[in-house]
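Heavy-atom basis, side chains included; hydrogens, waters and symmetry copies ignored. Chain letters run A, B, ... following the sequence lines, proteins first and then strands; every chain starts at 1.
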Amino acid sequence: MRMSTLFARTLREAPAEAEAASHQLLLRAAFIRKVASGIYTTLPLGLRTMRKIERIVREEMDASGAQEIRMPIVLPAEPWKATGRWQAYGELMFKLKDRHGREMGLGPTQEEVVTPLVAGEFSSYRDLPVTLYQVEWKYRDEFRPRFGLLRGREFLMKDAYSFDRNEDGMRASYAVMFEAYKRIFDRCGLDFRVVEADPGQIGGGVNHEYMAITDAGEDHFLYCESCDYAADLEAATPMRPLALTEGPELEPLTDIHTPNAPAIAAVAALTGKPESRMLKTMLYDAGGRTAAVVVPGDHEVNEEKVARLFFPTPVRLFDEEDFGKRGFVKGYAGPQGMSPEVVVIADHSVRAGSNWVTGANAVDHHVAGANVDRDFRVDRWEDVVQAAPGDLCPVDGGALQLGTAIVVGHIYQLGTRYSKPLEATFIDEDGSQKPYVMGCYGIGISRILAAVAEQCHDDSGLKWPRSLAPFDAAVIPTNMDQPAVVSAAEGLYAALADLGVDAVLDDREATAGVKFADADLIGYPVQLVIGKRGIEAGTADLKLRATGERSQAPLADGAQAAKTLLEAAP
RNA sequence: CGGGACGUAGCGCAGUUUGGUAGCGCGCAGCGUUCGGGACGCUGAGGUCGCGGGUUCAAAUCCCGCCGUCCCGACCA
């Protein structure tokens with residue numbers, strides 16, 4: 001490809017709307033252009049890199065035995081209503097009506113399409129397992145599109161779905177994908193980590209996220225300082241403390257006057273006790289019933305975890321009216337004296353403490369010396385706490401540290417979450433009809449583009465790993481008015497093509513500085529420079545973008561030297 | 001949707017406070033000089049000042065409404 005004809009105008013300055021490094025650089029280097037908030041056109045350079053990511057994904061999917069299909073983007077609403085996701089997704093789903101008034105949606109993922117598809121084709125356990133995948137554009141009407149390709153409203157995703165006859169089969173299919181994903185992200189040159197995750201809207205049980213490590217990420221995870229445990233911040237489950245058998249002596253329950261102290265911090269200041277010695281009691285409505293959720297004062301309640309305890313009954317935090325109507329005092333709630341109708345749910349960590357300070361259920365009053373069983377009842381011991389840095393690792397008790405990352409892949413063991421409501425069944429060996437046991441597996445292709453840009457760049461621009469670069473190398477003639485320079489560059493460009501190196505020839509009538517700056521910005525792994533000086537000395541200059549390392553080669557060996565350098569590139 | 005900010009030429013910005021009919025840099029076109037890290041000179045093209053309404057002799061500037069965009073929060077690849 002010749003730069004003089006390539007549809008790519010680089011920008012010296014980043015548009016003001018771009019904040020994230022990947023967003024700025026992908027705009028400046030002419031990989032993408034914005035059409036609307038969260039919606040982008042992919043330019044030739046961007047599309048080349050995107051295709052390389054796709055190819056890696058397809059190769060690993062195919063090698064894992066998955067088969068590619070292609071499903072529609074415009075989908076009828078009915079199956080989505082059957083699985084409850086029409087409502088669960090809500091406004092996040094792009095919804096439209098056809099001319100007959102039928103409700104349709106743009107696909108944010110495709111379980112509702114692929115599940116009936118398989119059910120219609122395969123009806124025997126003999127047909128299973130099967131894993132299908134596609135690479136297709138996905139649509140989510142995000143509340144806040146952000147950071148260019150990192151959170152768009154339209155994004156390219158590889159989504160795969162496995163169908164098995166039982167849980168063991170599902171776990172085996174899952175394990176195959178689990179490994180394939182690692183190979184994919186390795187090949188994309190990403191620094192990533194696999195973490196246990198929260199299933200979110202997709203549903204299901206065991207699931208993992210593949211996190212590309214970068215400070216620019218929106219996602220946080222906790223990892224153990226001393227073992228392999230790592231989990232999404234929302235999903236992390238701190239070690240369950242053992243119940244106290246003999247602890248400090250139980251103090252008597254005493255009332256303390258705490259004027260104007262509805263917040264934990266204020267009570268801590270007033271009593272001189274740390275927040276970790278307080279109990280926080282959050283009140284929720286779960287389908288009309290009151291749930292009191294109790295966690296130590298220095299932690300937050302993880303509402304996702306609470307919601308899961310009551311699923312499918314919706315759970316919501318008390319509003320101002322609920323407090324008065326149900327006889328509670330906002331800011332002074334405590335677990336003691338709860339009526340039998342209230343479900344008292346305590347986090348496991350509450351077991352480990354004694355002599356708590358907590359609300360007295362009266363304005364301006366708390367109690368000290370509150371103890372489980374003696375002073376308050378706990379109906380359910382559950383994991384409801386939002387884990388925090390410093391909590392103990394559930395595997396080996398090591399301290400948990402906070403990491404920041406971009407989620408580039410997410411895999412789920414779905415079980416029968418979709419096959420049951422969609423009545424997607426097969427006949428098992430014993431003649432009985434059973435729902436498929438499914439898994440689903442997503443990779444954000446367009447997001448990888450941005451994640452790699454986020455991880456691989458410097459002040460001058462992008463530094464693509466060789467596997468993803470839009471071109472392998474740039475051939476840069478520095479003096480277009482010198483026929484000897486131009487013909488040498490043309491010769492090396494042709495020789496590179498013969499060696500299978502996909503290069504660009506920067507044949508623009510621009511100064512050398514402009515060409516160098518653009519080559520650095522776009523991020524070709526190797527630059528091959530031919531100038532007047534080099535022609536006279538019989539040499540070509542080479543630069544490895546990843547390290548900035550420069551070298552020289554005899555002009556006649558320039559192409560081979562560039563190829564060798566490329567093969568050594570990261 | 002809640003909180004904050006912005007919208008002036010392809011991009012980055014000034015001008016708005018204090019109304020007088022639009023400017024700078026980059027980029028773009030032409031000519032000349034340059035030519036190994038975003039060259040220089042001269043000339044030139046390019047703007048319904050986001051949109052609609054109002055106030056005024058006069059609005060980019062003041063007022064009202066709408067739209068768009070970005071940043072901080074709750075969702076996800």
Side-chain angles (χ1 to χ4, degrees), chain A residues 9-20 23-24 27-28 30 33-39 53 57 88-93 108-109 135-160 181 185 197-202 207 209-212 217-219 232 234 303-304 317 405-412 440-451 460-461 476-482 485 508-521 527 529-537 540-541 543 548 550:
Chain A
R9 309 313 301 264
T10 57
L11 305 175
R12 190 176 291 210
E13 291 169 291
E17 68 200 25
E19 184 85 357
H23 191 193
Q24 292 189 356
L27 285 167
R28 285 188 55 210
R33 288 290 179 258
K34 190 180 77 167
V35 172
S37 180
I39 298 179
I53 300 168
V57 168
Y89 260 102
E91 306 243 280
L92 190 59
M93 192 160 172
T109 71
V135 176
E136 193 50 81
W137 291 91
K138 297 286 184 282
Y139 296 83
R140 287 181 197 167
D141 194 1
E142 294 284 348
F143 295 107
R144 181 146 94 89
R146 241 189 299 209
F147 305 141
L149 259 34
L150 282 178
R151 174 178 302 282
R153 292 193 290 175
E154 181 190 68
F155 55 98
L156 189 60
M157 177 163 123
K158 186 285 302 178
D159 45 326
Y181 270 44
F185 298 122
D198 183 277
Q201 296 283 14
I202 307 281
N207 68 107
E209 284 173 331
Y210 292 74
M211 296 269 199
E218 292 186 89
D219 297 282
D232 188 285
E234 294 299 317
E303 298 194 355
E304 284 291 319
L317 195 61
I406 297 164
V407 177
V408 288
H410 199 162
I411 61 178
Y412 307 78
C440 86
Y441 317 89
I443 287 182
I445 306 246
S446 47
R447 184 179 274 186
I448 288 177
L449 186 70
S460 305
I476 302 174
T478 59
N479 315 80
M480 293 303 289
D481 59 341
Q482 304 271 322
V485 170
R508 294 176 298 172
E509 295 286 347
T511 59
V514 170
K515 296 185 182 184
F516 294 148
D518 274 349
D520 286 347
L521 176 60
Q527 296 171 22
V529 182
I530 300 94
K532 196 167 63 173
R533 280 183 345 217
I535 293 287
E536 286 161 5
D541 295 332
K543 176 177 165 183
R550 295 164 195 275

Could you tell me the Watson-Crick or G-U partner of B:A77, where both distances fall under 3.5 Å? Say none if there is no partner. none
In whole angstrom, give the distance that lies between atom NE2 of A:H410 and atom P of B:A77. 6 Å
Of all the heavy-atom pairs spanning A:Y181 and A:G409, show the shortest one and how long it is. CE2-CA, 4.3 Å
Could you report the tightest heavy-atom contact between A:A30 and A:R9, atom names first, then the distance? CB-O, 3.7 Å
B:G7 and B:U61: how far apart are their C1' atoms, nearest whole angstrom? 14 Å
When you compare the side chain of A:M157 with that of A:I443, does any pair of heavy atoms fall below 4.5 Å? no
For nucleotides B:U69 and B:G30, find the distance between their P atoms and express it as a whole number of Å. 36 Å
Tell me whether A:N479 contacts the main-chain N or O of A:K532 through its side chain, where contact means a donor paired with an acceptor under 3.5 Å. yes
Kindly check if the number of other-residue, nucleotide or ligand heavy atoms within 6.0 Å of CZ (A:R33) is above 12? yes
Which value, in whole Å, describes the distance between the P atoms of nucleotides B:U43 and B:G52? 36 Å
So what's B:A14 paired with, Watson-Crick or G-U wobble, going by both distances under 3.5 Å? none
Pairing partner (Watson-Crick or G-U wobble, both distances under 3.5 angstrom) of B:G2: B:C72
Answer yes or no: is there a side-chain heavy-atom contact under 4.5 Å between A:D219 and A:M211? yes
How would you label the contact of A:E142 with the nucleic acid (heavy atoms, under 4.0 Å): base, sugar-phosphate, or nothing? base
Evaluate the side-chain proximity of A:D541 to A:Q527: yes if any heavy-atom separation is below 4.5 Å, no if none is. no
For A:E91, look at atom CD and say whether over 12 heavy atoms of other residues, nucleotides or ligands are found less than 6.0 Å away. no
Expressed in angstrom and rounded to an integer, what is the separation of A:R508 atom CZ from B:G38 atom P? 14 Å
Using atom P of each nucleotide, how far apart are B:C13 and B:U18 to the nearest Å? 25 Å
Say you pick atom C1' in B:A74 and the same atom in B:C1; how far apart are they, in whole Å? 9 Å
With rounding to whole Å, what would you report as the distance between B:A29 and B:G73 at their C1' atoms? 48 Å
Any strand is fair game: report the nucleotide pairing with B:U34 by Watson-Crick or G-U wobble, both distances under 3.5 Å, or none. none
Return the value, rounded to whole Å, for the distance between atom CZ of A:F185 and atom C1' of B:A77. 9 Å
Is it the case that the base of B:G38 and the side chain of A:R28 share a donor-acceptor contact (distance under 3.5 Å, atom types as modelled)? yes
Sugar-phosphate only, base, or nothing, as touched by A:V514 at under 4.0 Å among non-hydrogen atoms: base
Whichever of A:I443 and A:K515 has its nearest RNA chain B nucleotide further upstream toward 5': A:K515
Is there side-chain contact between A:Y210 and A:I448, with heavy atoms separated by less than 4.5 Å? no
Which value, in whole Å, describes the distance between the P atoms of nucleotides B:C66 and B:C26? 41 Å
Reading nucleotides 66-73 of chain B 5' to 3', which nucleotides get B (base under 4.0 Å from a protein heavy atom), which S (sugar-phosphate only), which -? ---SSBBB
Nucleotide by nucleotide, 5' to 3', does protein get under 4.0 Å of the base (B), only the sugar-phosphate (S), or neither (-) in nucleotides 25-36 of chain B, counting heavy atoms? BSSS------BB
Which nucleotide, in any strand shown, forms a Watson-Crick or G-U wobble pair with B:G19, with both distances under 3.5 Å? none
From the options B:C75, B:G37, B:G38, select the nucleotide whose nearest atom is closest to the side chain of A:Q527. B:G37
Can you find a heavy atom in the side chain of A:K543 that is under 4.5 Å from one in the side chain of A:F516? no
For B:C51, the Watson-Crick or wobble counterpart (both distances under 3.5 Å): B:G65
Would a 4.5 Å heavy-atom cut-off, applied to side chains only, mark A:E142 and A:L92 as touching? yes
Between B:G23 and B:G68, how many Å separate the two P atoms, rounded to a whole number? 32 Å
Pairwise 5' ranking along RNA chain B for A:L11 and A:V408, keeping only the more 5' one: A:L11
With sequence neighbours left out, the residues meeting side-chain hydrogen bond (donor to acceptor under 3.5 Å, both in side chains) with A:D518 are A:T10, A:R508
Closest to side chain of A:L92, choosing from B:C75, B:G37, B:A77: B:C75
Nucleotide forming a Watson-Crick or wobble pair with B:G27, both distances under 3.5 Å: none
Whole angstrom value for the distance that separates P of B:C11 from CG of A:L521: 17 Å
Need one value for A:D219: base, sugar-phosphate or nothing, where a base atom within 4.0 Å counts as base even if backbone is also close, heavy atoms only. base
Strand partner of B:A59, provided both Watson-Crick or wobble distances fall under 3.5 Å: none
